Amino acid sequence: MKKGDHLFLVDGSGYIFRAYHALPPLTRKSDGLPVGAVSGFCNMLWKLMRDARDTDVGITPTHFAVIFDYSSKTFRNELYAEYKANRSAPPDDLIPQFGLIREATRAFHLPCLEMEGFEADDLIATYCRLACEAGGDTTIISSDKDLMQLVGPTVSMYDPMKDRQIGIPEVIEKWGVPPEKMIDLQALTGDSIDNVPGVPGIGPKTAAQLLEQFGDLDTLLERAAEIKQEKRRQSIIDNAEKARISRDLVRLKNDVPVTEGFDDLVLQPPDGPRLISFLKGMEFNSLTRRVAEATGADASAIGAASIRVQHGAEAHGPDLEPAAPSGPAAEAHYAKPGETGPSPATLAQARAEAASTVRIDDRKYDCIRDLATLNEWIAEARETGFMSFRTESTSLDPMRAELVGVALALRPGRAAYVPLGHRSSADDLLGAGRVDNQVALEDALAALKPLLTDPSVLKVGHDFKYDWLLLSRHGIDVAPIDDTMLISYVLGANTGAHTLEALAERWFGHFMIPFKDIVGSGRNLVTFDLVDVERATTYATEGADIAMRVWQVLKPRLATNGLVSVYERLERPLVPVLARMEERGISVDRQMLSRLSGEFAQRAAALEEDVYQAAGERFTIGSPKQLGDILFGKMGLPGGSKTKSGQWSTTAQLLEELAAEGHELPRRIVDWRQITKLKSTYTDALPEYINPDTRRLHTSYALASTPTGRISSSEPNLQNIPIRTAEGRRIRTAFIAEKGNKLISADYSQIELRVLAHIADIPQLRQAFADGVDIHAMTASEMFGVPVEGMPSEVRRRAKAINFGIIYGISAFGLANQLSIERSEAGDYIKRYFERFPGIRDYMESRKQMARDRGYVETIFGRRIHYPEIRASNPSIRAFNERASINAPIQGSAADIIRRAMIRMDGALAKAGLSARMLLQVHDELVFETAEAEVEATLPVIREVMENAAMPAVSLAVPLRVDARAADNWDEAH
DNA sequence: AGGTTGACATA
DNA sequence: GTATGTCAACCTT
């Protein structure tokens with residue numbers, strides 16, 4: 001145990017009683033064994049071990065122990081014979097659960113601690129003290145007030161049933177005294193359940209008030225005569241001794257001679273098969289499934305442990321049970337590791353082998369041509385509990401696609417295709433007719449819908465957003481799902497492509513049938529409905545089969561790499577969210593774009609004439625090659641650098657410099673390029689994307705196209721709509737709300753710099769963000785010693801460029817380029833920046849080192865970004881990877897934060913009874929459309945979700961700020 | 001017809 | 001200096 005370590009101590013005995021009374025009674029189906037408390041206990045443990053980041057604890061434990069009472073006789077009975085004397089025997093249906101909960105603890109591979117003569121609370125107090133002395137933090141999993149005396153700067157409590165953290169402020173709020181006075185408070189109030197006498201007539205409110213007045217119990221008893229209220233005064237004087245005894249009873253003993261050291265408490269990865277065996281034996285089916293999924297174990301291959309009602313010692317109650325470890329009889333109920341099932345790692349390997357051993361050449365693919373056969377497959381899928389699934393359709397655009405067929409696979413080599421909308425292509429001239437022997441689309445969907453929405457059947461797909469959206473258009477919201485593309489992406493975002501074809505090749509050396517071979521290309525291109533059913537079957541089933549095989553190989557790797565939570569919290573839930581955003585689309589003013597296009601055309605034509613005039617000849621202005629020859633060859637202007645292909649460089653920056661020297665032509669070229677860019681990419685292209693049915697623009701988001709976790713937008717790209725220039729912003733005004741509605745734009749202010757301030761822990765930056773001051777001005781002031789008041793804009797501009805440079809993994813070369821200054825001067829700036837903010841240099845060095853040591857860096861939520869080339873011998877490749885390693889945790893953490901906001905947004909809006917719809921995401925901005933009347937109610941909900949998006953998994957050291965505004969068009973809303 | 005390059009739009 | 005996507009021109013097949 002060292003600084004930064006975090007110990008979780010579960011108050012096992014306390015939990016049992018609380019769960020028994022709080023949770024609905026539950027009995028094991030097969031024999032009526034009462035298991036309600038055990039079930040709650042197991043769910044709680046699993047949540048703590050797997051998902052502590054996303055509970056209110058917000059922290060992943062490094063050490064873990066579950067602590068129980070040993071017996072009813074403790075040292076307290078020596079102090080006070082009546083202690084706990086009026087406790088009645090536990091209810092009959094709770095008794096067998098005491099032993100089961102200890103078994104559960106061991107099945108979870110967690111230390112199970114108890115000690116004769118001491119209560120669980122004393123052990124907890126002792127470990128709290130030891131952890132604190134070793135520099136570690138502790139979280140006590142309990143809400144028992146008896147433990148609140150332990151809360152302090154390094155110790156907090158967590159109520160697992162209310163998902164609530166209890167720290168010093170919460171104790172004060174609840175009891176009116178800080179944790180260190182809890183002992184005195186309890187000494188005064190007593191406890192009827194434990195038969196601690198206390199002072200009659202003194203309750204928590206009075207006790208708190210007295211302690212506030214006198215400071216502590218001893219002083220109070222000494223000066224009791226000063227108490228004004230007569231009855232109260234008398235009671236305290238009469239019961240002073242009882243209060244002292246009570247204090248000794250409630251004060252926890254923090255020097256129990258414990259036998260287990262922290263080395264014994266290091267949190268072990270769960271032993272999947274053993275745990276599953278236990279859970280199956282208990283018949284906790286949904287938890288079994290979750291555990292199997294997370295650990296990559298195959299639950300169906302693991303036998304259930306035989307767990308019987310225990311007789312003998314345990315049947316008499318919790319306090320008579322022998323000390324841990326329990327006898328061999330209990331132990332024998334478990335599958336030992338390696339006996340019934342392998343560890344996740346070996347299982348992963350076995351699966352990979354199995355998936356590759358069923359030779360892809362030997363596959364047997366079915367074509368389902370009647371409803372009865374389809375229903376047989378559906379029944380088999382229900383039995384299996386998981387399946388891979390894909391759609392075939394007439395378009396790559398899921399908003400325009402017509403469903404042509406569906407394919408499913410149940411295990412490697414066993415897949416089927418259901419043709420639904422195939423048409424014969426060549427047989428007559430009157431147009432294609434429907435192919436015979438196909439299940440009617442409506443019948444097939446009606447049969448499939450219960451399966452596709454069955455919560456106990458996992459649907460595996462590749463790039464499932466496409467299929468999900470297509471089916472959503474038919475009224476089916478598929479759930480639950482897994483996406484092999486996203487699993488592969490989480491495992492290694494920039495370690496290769498994540499198309500199904502690429503994965504088939506990478507993992508199985510198998511080359512899939514190219515889509516082109518099925519639908520042709522160029523003038524021979526046909527839609528999938530015209531592909532003959534046999535070829536379609538081969539193609540579609542191969543896809544489903546390969547997705548199933550890839551899933552079996554990759555899914556377990558999430559668990560062995562500790563990436564389950566990234567996948568489940570940041571990737572998988574985004575699939576339906578983005579699908580809905582794509583489906584909604586956004587309205588654009590076609591007329592406005594058309595008018596703009598005409599205007600741009602005229603201006604471009606006029607500029608073209610000017611250019612030809614100045615150049616003395618007509619040439620293709622859009623050709624950098626021809627332009628370079630004119631400018632630097634014919635006209636002899638001072639050319640700058642060459643591009644890598646030996647061409648003259650004609651970038652806007654260079655042309656601007658020439659223009660500044662008074663040359664007319666470069667100025668015209670820059671203007672012409674801007675106008676023609678706006679025209680071709682926006683005013684001309686966007687209207688072409690308007691969907692004729694919805695009359696809206698539907699982009700497509702790519703979830704797995706960036707290494708950092710950002711999403712990208714294409715066809716059309718709505719993440720690069722112009723904003724910088726006045727001309728460009730006119731295009732933005734064409735993005736509008738429907739009549740009676742408004743667009744809302746909500747964007748994070750300086751999210752990346754805030755993330756940097758958090759990760760690198762820079763005091764000045766944290767302070768500046770806490771104070772809400774101008775961050776670039778603060779940087780300038782810090783660096784150049786210029787006061788913020790009356791700062792020249794040029795000074796601030798430089799500081800701003802440096803701040804951005806830092807985020808991008810600054811180099812003197814890049815900064816010099818950006819600011820058009822000498823490289824040496826840029827180098828001086830960087831040097832000075834590092835002197836002022838040494839934490840930034842440390843951050844940069846540590847990310848580079850991490851990438852070199854481990855091959856990857858990570859975001860604050862655990863997403864990994866791999867940089868295998870960081871050790872390249874080529875200095876420029878190496879430097880590039882170093883800069884990317886510095887940038888990725890910043891860009892990636894910001895991307896993760898907005899992902900979390902998006903995942904929560906629809907639910908938050910619905911919960912608030914609002915009808916706002918999220919339409920677009922632009923990296924740090926979300927765009928919504930909502931009814932005009934709801935705007936004011938909607939803005940705070942959006943801000944709330946976005947500003948708290950990191951919580952509770954990560955508590956940022958700086959606040960997040962969101963600016964949100966509503967208007968009729970995107971330009972005014974932003 | 002399809003791929004590459006240089007330019008430029010965004011965060 | 002990070003991360004994208006799209007366009008026109010140009011080159012290869």
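Worth knowing before you read on, the calculation uses all heavy atoms, side chains too, and leaves out hydrogens, waters and symmetry mates. These numbers were taken from a predicted model, which means no experiment stands behind them. Chain letters run A, B, ... following the sequence lines, proteins first and then strands; every chain starts at 1.
Side-chain N/O atoms of A:Ser712 and A:Ser705 include a donor and acceptor closer than 3.5 Å. At a cut-off of 3.5 Å, with distance as the only test, no side-chain donor of A:Thr733 or A:Glu972 sits close to an acceptor on the other residue. In this model, no donor atom of one side chain and acceptor atom of the other lie less than 3.5 Å apart for A:Gln626 and A:Asp629. With hydrogens and angles left out, the side-chain atoms of A:Ser876 and A:Asn874 include a donor and acceptor closer than 3.5 Å. A donor atom on one side chain and an acceptor atom on the other are not found under 3.5 Å apart for A:His974 and A:Asp747. For the residue pair A:Asp963/A:Ser749, the side-chain donor-acceptor check at 3.5 Å is not satisfied.
A:Gln626 comes within contact range of the sugar-phosphate backbone alone, with a heavy-atom separation under 4.0 Å but no base atom that close. Counting non-hydrogen atoms under 4.0 angstrom, A:Leu815 reaches a base of the nucleic acid. A:Ala685 comes within contact range of the sugar-phosphate backbone alone, with a heavy-atom separation under 4.0 Å but no base atom that close. Among the heavy atoms of the strands, none lies under 4.0 Å from A:Ala493. Counting non-hydrogen atoms under 4.0 angstrom, A:Tyr682 reaches the backbone sugars and phosphates but no base. At the heavy-atom level, A:Gly622 lies under 4.0 Å from the strands shown only through sugar-phosphate atoms.
The side chain of A:Lys677 has B:dA7 as its nearest neighbour among C:dA9, B:dA11, B:dA7. Comparing C:dT6, C:dT2, B:dA9 by their nearest atom to the side chain of A:Asn887 picks out C:dT2.
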Next item on the list: Can you check each nucleotide of nucleotides 1-6 of chain B against protein heavy atoms at under 4.0 Å and return B for base, S for sugar-phosphate only, - for none, in 5' to 3' order?
Entry: -S--SS
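Rounded to an integer number of Å, the gap from A:Ile807 CD1 to B:dT10 C1' is 16 Å. If you measure from atom NZ of A:Lys679 to atom P of B:dA9, you get 16 Å, rounded to the nearest angstrom. Rounded to whole angstrom, the span from the CD atom of A:Gln750 across to the C1' atom of B:dA11 amounts to 12 Å. What separates CZ of A:Arg754 from P of B:dA11 is a distance of 17 Å, to the nearest Å. A straight line from CD1 of A:Ile898 to P of B:dA11 spans 12 Å, rounded to a whole angstrom. Counting to the nearest Å, the P atom of C:dA3 and the CZ atom of A:Arg863 are 15 Å from each other. A straight line from CG of A:Leu926 to P of B:dA11 spans 14 Å, rounded to a whole angstrom. Atoms CD1 (A:Ile897) and P (B:dA11) sit 18 Å apart, rounded to a whole Å.
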Protein N or O to nucleotides 11-13 of chain C N or O, pairs below 3.5 Å:
none

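Classification of A:Arg710 and A:Glu752 as a salt-bridged pair holds, one side-chain N sitting under 4.0 Å from a carboxylate O. A salt bridge does not link A:Glu608 with A:Arg618: every distance from a Lys NZ or Arg NE/NH1/NH2 to an Asp or Glu carboxylate oxygen is 4.0 Å or more.
Annotation: ring-ring contact (aromatic ring centres under 6.0 Å, His included) contacts of A:Trp672 (sequence neighbours excluded): none. Partners of A:Asn494 by side chain to side chain contact (heavy atoms under 4.5 Å, CB included), not counting sequence neighbours, listed by chain and number: A:Pro707, A:Ile865, A:His866, A:Tyr867.
Atom CD1 of A:Ile830 and atom CD1 of A:Ile802 lie 7.5 Å apart (nearest 0.5 Å).
A tilted orientation is assigned to the rings of A:Phe632 and A:Trp648, their planes being inclined by 30° to 60°.
Interface residues of residues 697-732 of chain A facing DNA chain B, ordered by number: A:Arg710, A:Gln719, A:Asn720, A:Ile721, A:Pro722, A:Ile723, A:Arg724; criterion, heavy-atom separation under 4.0 Å. If you check residues 964-974 of chain A against DNA chain B, you find no residue with a heavy atom closer than 4.0 Å.
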Next item on the list: Carefully, step by step, assess A:Arg595 and A:Glu599 under the rule salt bridge (charged side-chain N to carboxylate O under 4.0 Å, His left out).
Entry: CA-CA 6 Å; A:Arg595 280 198 306 275; A:Glu599 195 180 312; over 6 Å; no
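Checked by atom type and distance alone, the side chain of A:Arg668 never pairs as donor or acceptor with a backbone atom of A:Val611 at under 3.5 Å.
When every heavy atom of A:Thr394 is checked against every heavy atom of A:Thr527, the shortest pair comes out as O-CG2, 3.7 Å.
A:Gln653 has no side-chain polar atom (N or O) that falls below the 4.0 Å cut-off from OP1 or OP2 of B:dC8.
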